[in-house]
Amino acid sequence: MPDAIKISLPDGSVRTEPAGTTARAVAEAIGPRLARAAVAARVNGDVWDLDRPIREDTDLEILTEQDPAALEVLRHTAAHVLATAVRELFPDARIGFGPAIADGFYYDFEVPQPFTPEDLEAIEQKMQEVAESDYALVREEVDRQGARERFKDDPLKLERLEELGDDETISVYSDGPFVDLCRGPHVPSTGKVKHFKLLHAAGAYWRGDSRRQMLQRIYGTAWFKKADLEAYLHRLEEAEKRDHRVIGKQLDLFSIQEDVGPGMILWHPRGAIIQHELRRFIEDELLKRRYDLVFTPHVTREELFFRSGHLPHYEEQQFPAMAAGEGDADDARYRVKPMNCPMHTLVYAARQRSYRDLPVRLAEVANVYRNELSGTLHGLLRVRMLTMDDAHIFCREDQIEDEIFDMLDLTDLVLNKTFGFEYRIDLATRPEKKIGDDAAWEVAEQALERALKRLDLTYGIDEGGGAFYGPKIDIKLRDAIGREWQGTTIQLDYQLPERFELEYTGSDNKPHRPVMIHRAIFGTLERFVGCLIEHFAGAFPVWLAPEQVRVLPITEEQAEAARAVDAALRAAGVRSSVDDRNDTLNYRVRDGELMKVPYLAVVGKREVEQGSVAVRARGAKQKQEVMPAAEFTQRVVERIRSKALEV
RNA sequence: GCUGACGUAGCUCAAUUGGCAGAGCAGCUGAUUUGUAAUCAGCAGGUUAAGGGUUCGAGUCCCUUCGUCAGCUCCA
């Protein structure tokens, strides 16, 4: 080992330091302000503790509170502070994992009794004490036997320990009374953890495995600055106001009622019209892109789902079988459909297909039913009755890329150009539970990847996230509080054509097997509308707004004129109504604003005389814009036609 | 499905140690005829999720079921 090492700093300068120096020492050498601000260091790209000795030539970057990586370090330490506090209050608690996560951290504990809200308060209090004690986070490298000794009372840690490879460094971190098996890094001392809050506790399976014991997970958030913590908590509050379940109620869009069943959506008129518009939009677009529309039964013989392979794999998520219909064999049972692919497959197979026919694109906006686990249901975002904008493309292998290209193009038109969503693309590869051999999977996965690359799209890999019959491209949208939900899905399938023995006649006059692509652009209209509600906070673009114009006569005297304006709008295809309720104008303006109606058109004495309307556009600075009624109608019609995001 | 919390009028929420189920908004009726975010008055609205138990007495305590929420698992 050399006595002196070279430390390269981000500004390009190189310092020579004694081997075994630390990032803290370098920071101090550079200047006292940097030393005070230092939280951690990036050493050759990895984040390290400030006090970990550096023994080789390195690139070094001192991380201060400004660096996002530093925040992650802080939160990881906050998790240790949490565990320290829990161990003080519940000495028998066994410790699981405690990582930093987006916006915060958690720690899992095995305890005989779940934590109560009062426990959380006490723990938070104790965390404050741990922070004030300002314990140094001390890193120590130990051998396996030493680690076994230290964690002999923590079976969860021992289990993790045994998984570590022989070439891996085993490190432990202690802060005051608490010791944890941990890779680190950490902030120098618990005193850095000043601004935090415990958010909630919930059960979580050990190692995320539902066959193993349930631990108690405590979630919290931590920030360097008090203002950041407060801003985050405020953001959570604001997000709650965008919650589609709250807005759905306020705007009378839909309801979920116990009498109907969990996960079953009742679309009220104002919500149904949104679904109707989305449906028209996508169906028109599909017809332009040479898709064909089909309709297939909601209930079919269950044999179909055995043949497709769905029932053996996903029986618990299908609704139970129904009795046979009269005249059917006794053993012919029926199932409500959880997906459309077997039916579309049969439409394809209903006649001979030539290579000249391909691709065959069959689309159906259809309701399917899935008996999802009760604990997973969530407003519109996870339901048991799903309205899928489903389609299946049957094509030759050499057509896959073009088809995927067109689907991704359509996806971008819908998500980005039309609604301004930001989305994340994942390529999901073969899962454990799958049918078909690895060679076929390999070909399929590569085909998707090639299409993505050709489009130069940024995407992540979701290892093992594929469907049981093939790999897929998933696109995820975020809800108001940042949770991701799968919207668009594009899935390649070599299995179903096999199972249904699909064929086409090639130019060689021989039978060939087509490839099948499943895809849904919205995903489900329930989930998509849910995301739209949160995205727009209920203030939909004009073309989607359930009520596009509300005409307000100031007094009864203008009621007739208001109805004429309304009739003209209706005739032009605008969803308009008259609010001539016996209430003040102020009251009705307020009501229209709260219902997020894009345009309130006020008709008073002056307007009647001039044949004009005083338009109040939603959210506009100028509260009154007087214009001829015909001009207003033109403006609304244009906004609808162009699917404008602005009113 | 699992762990925990919760469930009071259409909505948002009160109801002291177990002691007469309430308010605001919405709704209805009437008055008012309104110029850009709540006019006034009156009326009506409940098997306190459902079922069982403890008690002189249960919205409140206990049990079961259903549902909701958070998280885990799952998510064709």
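Chain identifiers are assigned alphabetically (A, B, ...) following the order of the sequence lines, protein sequences preceding nucleic acid strands; residue numbering begins at 1 within each chain.
- In this structure, A:Arg527 contributes its side chain and A:Gly487 its backbone to no donor-acceptor pair below 3.5 Å.
- In this model, a side-chain donor or acceptor of A:Tyr205 finds a partner on the base of B:G1 within 3.5 Å.
- Checked against the 6.0 Å centroid criterion, the rings of A:Tyr107 and A:Phe109 qualify as a close aromatic pair.
- At the phosphate of B:C72, OP1 or OP2 sits under 4.0 Å from a side-chain N or O atom of A:Tyr219.
- Within the structure, a side-chain polar atom (N or O) of A:Ser374 is placed less than 4.0 Å from OP1 or OP2 of B:G1.
- Residues forming a ring-ring contact (aromatic ring centres under 6.0 Å, His included) with A:Phe90 (at least two apart in sequence, or on another chain): A:Phe115.
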Could you encode protein contacts along nucleotides 7-13 of chain B as a string, one character per nucleotide from 5' to 3', using B for base contact, S for sugar-phosphate-only contact and - for no contact, with a heavy-atom cut-off of under 4.0 Å?
-> ----SS-

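- A:Glu607 contributes a side-chain N or O that forms a donor-acceptor pair with the base of B:G35 under 3.5 Å.
- The closest donor-acceptor contact from the side chain of A:Arg588 to the backbone of A:Asp583 lies under 3.5 Å.
- For A:Val360, the side chain to side chain contact (heavy atoms under 4.5 Å, CB included) criterion is met by A:Tyr348, A:Arg353, A:Asp357, A:Leu358, A:Leu362, A:Phe394, not counting sequence neighbours.
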Distances under 3.5 Å between nitrogen or oxygen atoms of protein and nucleotides 26-29 of chain B:
{"residue": "B:A26", "atom": "OP1", "partner": "A:Tyr587", "partner atom": "OH", "Å": "3.0"}

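- The base of B:C75 sits within donor-acceptor range of the side chain of A:Arg382, with an N or O pair under 3.5 Å.
- Under the side chain to side chain contact (heavy atoms under 4.5 Å, CB included) criterion, A:Glu72 pairs with A:Ala100, sequence neighbours left out.
- Taken residue by residue, residues 307-314 of chain A places heavy atoms nearer than 4.0 Å to RNA chain B at A:His310, A:Tyr314.
- Listed by first and then second residue, the ring pair (Phe, Tyr, Trp, His ring centres under 6.0 Å) pairs involving residues 196-215 of chain A are A:Phe97-A:Trp206, A:His200-A:Tyr219 (not counting sequence neighbours).
- A:Asp252 is linked by a side chain to side chain donor-acceptor pair (under 3.5 Å) to A:His268, counting only residues two or more places apart in sequence or in another chain.
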Nucleotides 60-64 of chain B: which of its N/O atoms have a protein N/O under 3.5 Å away?
none

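- The side chain of A:Asn586 lies closest to B:U39, out of B:C72, B:U39, B:A76.
- Looking only at distances, a side-chain donor or acceptor of A:Asp243 sits under 3.5 Å from a matching main-chain atom of A:Arg245.
- Listed by chain and number, the residues in a salt bridge (Lys or Arg N to Asp or Glu O under 4.0 Å) with A:Glu110 amount to none (sequence neighbours excluded).
- Taking only side-chain nitrogens and oxygens, A:Arg370 never comes nearer than 4.0 Å to OP1 or OP2 of B:A76.
- With hydrogens and angles left out, the side chain of A:Arg616 and the base of B:A37 share a donor-acceptor pair within 3.5 Å.
- Using a 4.0 Å cut-off between charged nitrogen and carboxylate oxygen, A:Glu442 and A:Arg430 count as a salt-bridge pair.
- For A:Gln318, counting side-chain heavy atoms from C-beta on, the closest listed nucleotide (B:G1, B:G35, B:A76) is B:A76.
- Scored by the ring-ring contact (aromatic ring centres under 6.0 Å, His included) test, A:His310 finds A:Phe468 as partners (sequence neighbours excluded).
- Using cut-offs of 30° and 60° on the angle between ring planes, the pair A:Phe522 and A:Phe528 is tilted.
- Remark: A:Lys596 engages no residue in a side chain to side chain donor-acceptor pair (under 3.5 Å) (not counting sequence neighbours).
- Between A:Arg588 and B:G35, a side-chain N or O to OP1/OP2 separation shorter than 4.0 Å is absent.
- Taking only side-chain atoms of A:Thr555, from C-beta outward, the nucleotide of B:U36, B:C74, B:U33 with the closest atom is B:U33.
- Among the nucleotides B:A70, B:C74, B:A37, the one closest to any side-chain atom of A:His378 is B:A70.
- Remark: the A:Gln216 side chain and the B:U3 base include no donor-acceptor N/O pair separated by less than 3.5 Å.
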